[in-house]
Visitor: 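Mind looking over this structure? Questions follow.
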Amino acid sequence: MKILKSSSELKKELERLESKGRRIGFVPTMGALHKGHLSLLDFASKENDVVVVSIFVNPTQFNDKSDYKKYPRILEKDIEKLNKVKCDYVFTPDENEMYPEEDNREFSFGNLDKVMEGKHRPGHFRGVALIVSKLFEVVKPHKAYFGEKDFQQVAVIKHITEQMKFDIEIVSCPIIREEDGLAMSSRNMLLSDEQRANVSLISRTLFEAKENSKSLTVQETKDWVIRTINENPLLDVEYFEIVDDSSLEPITEWKQTRGTVGCVAVHVGNIRLIDNVRFYS
Ligand code: PAF
């Protein structure tokens, strides 16, 4: 496994491998790797010859400076984990390498950044689109892997991949959960023991909502989820939306669309967690 900080070095190595017909799979991350990330690597290693992981805490996607500052950075531990799985290259650029100068590229997301994360985290998806397109330009993968916990992010990345005519297949991979149902996230390691003991209510409520939805309207289901999570004094729902799984438009009737996803963001102290569940697809 090679660890490289330089885009030009990585680009050169990968172009050489590509010219020999090797298929490149890419897993972009912000580090603090957990089993969810490792599952993406597992998909990438089964479907490609060369696996590349990037670790870069991208400042442009944080609308909240304190969230950026406290984001976990544990590179040595990440490298230890990557050494135990199939990973050929780890790209660990610094800020200067990714943003040598201001990049004013603009993207159009249609409706995709007007709802949920886009609405509550202004500028977040522009930052994600910016860094992902820069990474794609360096790695030029055949396939890139993203976790479905960030459901809206996957939709945005598919959209900009098409818009920018990147010849890359975006593969979205299932959410990996802890035993009690909590969706794996790098931010989970910031939770206190007390918070950790309470946050499984989020996924439990989503799973129950799926059951209850058979006898409730969309609005009743939404109200029930928000009320149930908010009943816990440690948790504070920022939004819960039930949306069409491709347009991300909120729905008002179950029969309105074939693929339906319920997406939630919850504040736990100063930590913000997201999760989602499919209702119908
Ligand atoms: O999902 C993440 O970890 C980040 O948003 C990504 C895709 C690596 C871009 O910084």
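Whatever order the structure lists them in is the order used to number ligands and atoms, beginning at 1.
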Visitor: Please work out which of the three classes, parallel, tilted or perpendicular, describes the rings of Tyr99 and Phe56, given edges at 30° and 60°.
Guide: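 Tilted: the ring planes of Phe56 and Tyr99 meet at 30° to 60°.
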Visitor: Distance under 4.0 Å, heavy atoms only, partner ligand 1: which residues pass?
Guide: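 Residues near ligand 1: Pro28, Thr29, Met30, Asn58, Gln61, Ile131, Phe146, Gln153.
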Visitor: Would you say Arg73's side chain and Lys69's backbone share a donor-acceptor pair under 3.5 angstrom?
Guide: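 Yes, because the side chain of Arg73 sits within donor-acceptor range (under 3.5 Å) of the backbone of Lys69.
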Visitor: Quick one: hydrophobic cluster around Ile175, which other residues, with the 4.5 Å side-chain cut-off, linked directly or via members?
Guide: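 The other cluster members (ILVMFWY side chains, heavy atoms under 4.5 Å, direct or chained): none.
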Visitor: So, Lys222 side chain and Ile242 main chain: donor-acceptor pair closer than 3.5 Å or not?
Guide: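 Flag not set: sc Lys222 to bb Ile242 has no pair under 3.5 Å.
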Visitor: Using modelled atom types only, decide if a donor and an acceptor are shared between the side chain of His142 and the backbone of Arg23 within a distance under 3.5 Å.
Guide: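 Pair absent, no side-chain N/O of His142 close to backbone of Arg23.
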Visitor: Would you say the side-chain atoms of Glu241 pair up with the backbone N or O of Val115, donor to acceptor, closer than 3.5 Å?
Guide: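 No, the answer is negative, given that no donor and acceptor are paired below the 3.5 Å cut-off.
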